[in-house]
Protein chains: 2
Amino acid sequence: MADRSDRRTTMLEAAARVIARRGVRGLRVEELAAEAGVSTALIYYHFKNRQGILRATLDFINDRAESYTTSRDPDAPPLDARGELEQTLLLEFQDTATVRENSTAWGELRASAVFDPDLREDLARATLVWDQEVAELLGKVHPMAGAGALAQAAERLTALLEGLSTRWLSGSLPLAHARALMSEAIDVELSRLGGAVTRS
Amino acid sequence: MADRSDRRTTMLEAAARVIARRGVRGLRVEELAAEAGVSTALIYYHFKNRQGILRATLDFINDRAESYTTSRDPDAPPLDARGELEQTLLLEFQDTATVRENSTAWGELRASAVFDPDLREDLARATLVWDQEVAELLGKVHPMAGAGALAQAAERLTALLEGLSTRWLSGSLPLAHARALMSEAIDVELSRLGGAVTRS
DNA sequence: GTCTATAGCTAGATAGAC
DNA sequence: GTCTATCTAGCTATAGAC
């Protein structure tokens with residue numbers, strides 16, 4: 001949409017980095033200003049207040065996650081349904097700056113919502129959309145599975161992803177191990193759906 | 001050990017309530033003092049500083065979780081292995097003050113550790129112990145399953161529990177639904193272990 | 001749009017009396 | 001052990017010049 005290298009974008013990228021380093025609740029406007037190479041006053045000029053910074057940054061991060069989850073190398077061979085599912089769920093377990101920033105921010109959003117009712121509605125909506133996407137992908141692999149079974153499997157997989165991701169980021173679980181557990185969970189759920197198509 | 005109704009315990013109970021309300025990072029010493037009905041100076045007298053408050057409270061909460069997870073009504077009929085497993089994993093999904101406080105505090109500890117390396121070691125150790133307990137219970141249900149498969153199933157179940165718990169507490173998932181998903185996940189993992197005892 | 005400077009407030013921590 | 005009073009630091013937010 002807008003020019004991706006304008007100053008506002010620079011600040012949002014800086015905000016994503018600071019949040020990944022300090023958390024949503026550890027973000028200090030002064031540190032953000034230093035990270036972006038601008039004054040605190042300019043931050044307030046663009047984002048009104050602390051809450052405005054957070055809202056804009058979380059939108060920015062959401063858009064970014066959408067792009068790295070959805071878009072793929074156009075030269076790569078097209079993925080089958082199962083490959084698409086695995087890509088969607090395993091892409092979150094990569095130790096790159098962008099993915100780390102996004103996962104951290106998402107985890108923070110989730111954790112902050114426990115104490116901040118203002119965040120809950122947006123979060124619940126985003127969660128619902130995500131769960132439905134995963135349910136749809138599961139349905140492509142097992143077209144005969146019931147809608148209820150698909151929805152539940154999707155919810156378990158996305159909730160597991162959040163749990164594993166937080167364990168990874170908090171140093172309780174090596175990244176490769178988290179990936180392996182997620183991958184195996186996909187197998188477990190898929191074989192369940194395949195073996196019991198009439199259930200539920 | 002010590003007198004359970006002494007003033008220090010009163011402060012710890014108050015701290016658990018305040019953390020459940022505001023989060024670890026939202027805890028203000030003044031609010032805690034008010035909640036406990038004492039002065040801020042007394043808090044500092046007993047716990048040295050903010051970090052000391054957090055450490056003591058998290059120990060306190062850990063002990064409390066241990067007791068409600070482990071102990072049972074002595075008159076109730078003894079549980080079989082599967083019942084014990086379900087009890088361990090489903091007890092976290094109860095809307096009572098104590099469980100809510102414990103789950104909230106545990107989630108906060110987990111989320112805080114992403115940004116606070118001091119917390120990581122304790123947390124990783126506690127996670128390991130918990131995973132092993134669950135693996136042991138799974139092994140009681142399926143004595144022929146391999147140790148690796150048991151360990152992985154346990155890690156998936158406890159990580160899922162954390163993910164579902166945070167969704168519950170952040171208002172993205174009704175409690176009954178979280179329970180149902182957890183319960184079904186136990187079934188899924190158990191049938192997997194039962195159907196593939198020689199795997200891994 | 002962007003900066004420097006600073007007002008104003010909140011919250012952690014301590015001094016000293018009882 | 002416990003309180004009242006207060007010191008101090010750090011942070012959000014704004015005023016005003018350029």
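The structure displayed is predicted, hence computed values, not measured ones. Naming: A, B, ... by sequence-line order, numbering from 1 per chain.
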### Message
So if I take every side-chain heavy atom of Val38(A) and compare against dC3(C), dC3(D), dA13(C), which nucleotide ends up nearest?
### Response
dC3(C)

## Note on the structure
Taking dA13(D), dC11(D), dC3(D) as options, the one with an atom nearest any side-chain atom of Thr40(A) is dA13(D)

### Protein-nucleotide distance (Asp6(B), atom CG; dG1(D), atom P), rounded to Å
9 Å

### Query
Under the 3.5 angstrom rule, does the side chain of Ser191(B) hit a backbone N or O of Val188(B) as a donor-acceptor pair?
yes

### Query
Please give, in whole Å, the distance from dC11(D) P to Arg25(A) CZ?
17 Å

### Message
If you only use heavy atoms from C-beta on, which nucleotide in dG1(D), dG1(C), dT14(D) is closest to the side chain of Leu42(B)?
### Response
dG1(D)

### Query
Given atom NZ of Lys48(B) and atom P of dT14(C), what is their separation to the nearest angstrom?
7 Å

### Among dT12(D), dA15(D), dG12(C), the one nearest Arg28(A) by side-chain distance
dT12(D)

### Task
Name the nucleic acid region contacted by Leu27(A), choosing base, sugar-phosphate or nothing; use a 4.0 angstrom heavy-atom cut-off, strictly under.
sugar-phosphate

### Task
Check the side chains of Trp106(B) and Glu162(B) for a donor-acceptor pair under 3.5 angstrom, ignoring hydrogens and angles.
yes

### Summary
Output for pair (Asn62(B) CG, Leu58(B) CG), nearest 0.5 Å, gives 7.5 Å

### Task
Can you tell me the distance, in whole Å, between the OH atom of Tyr44(B) and the P atom of dA15(C)?
13 Å

### Nearest-Å distance for atom pair CD1/P, residues Ile43(B) and dG1(D)
14 Å

### Message
Regarding Thr127(A) and Arg110(A), do their side chains bring together a donor and an acceptor under 3.5 Å, going by distance alone?
### Response
yes

### Summary
Whole-Å distance, Phe47(B) CZ to dT14(C) P, equals 16 Å

### Task
Could you work out which one of dG12(C), dT14(D), dT2(C) sits closest to the side chain of His46(A)?
dT2(C)

### Query
When you measure from the side chain of Tyr45(A), which nucleotide among dG1(C), dC3(C), dC11(D) comes out closest?
dG1(C)

### Task
Whole angstrom is fine here: how far is it from CD1 in Ile53(A) over to P in dC11(D)?
14 Å

### Atom-to-atom span, CG of Asn49(B) to C1' of dA9(D) - whole angstrom
16 Å

#### Entry: Closest to the Arg50(A) side chain, choosing from dT4(D), dA15(D), dA13(D)
dA13(D)

#### Entry: Gap between atom CZ of Arg7(A) and atom CG of Leu12(A) - 0.5 Å precision
13.5 Å

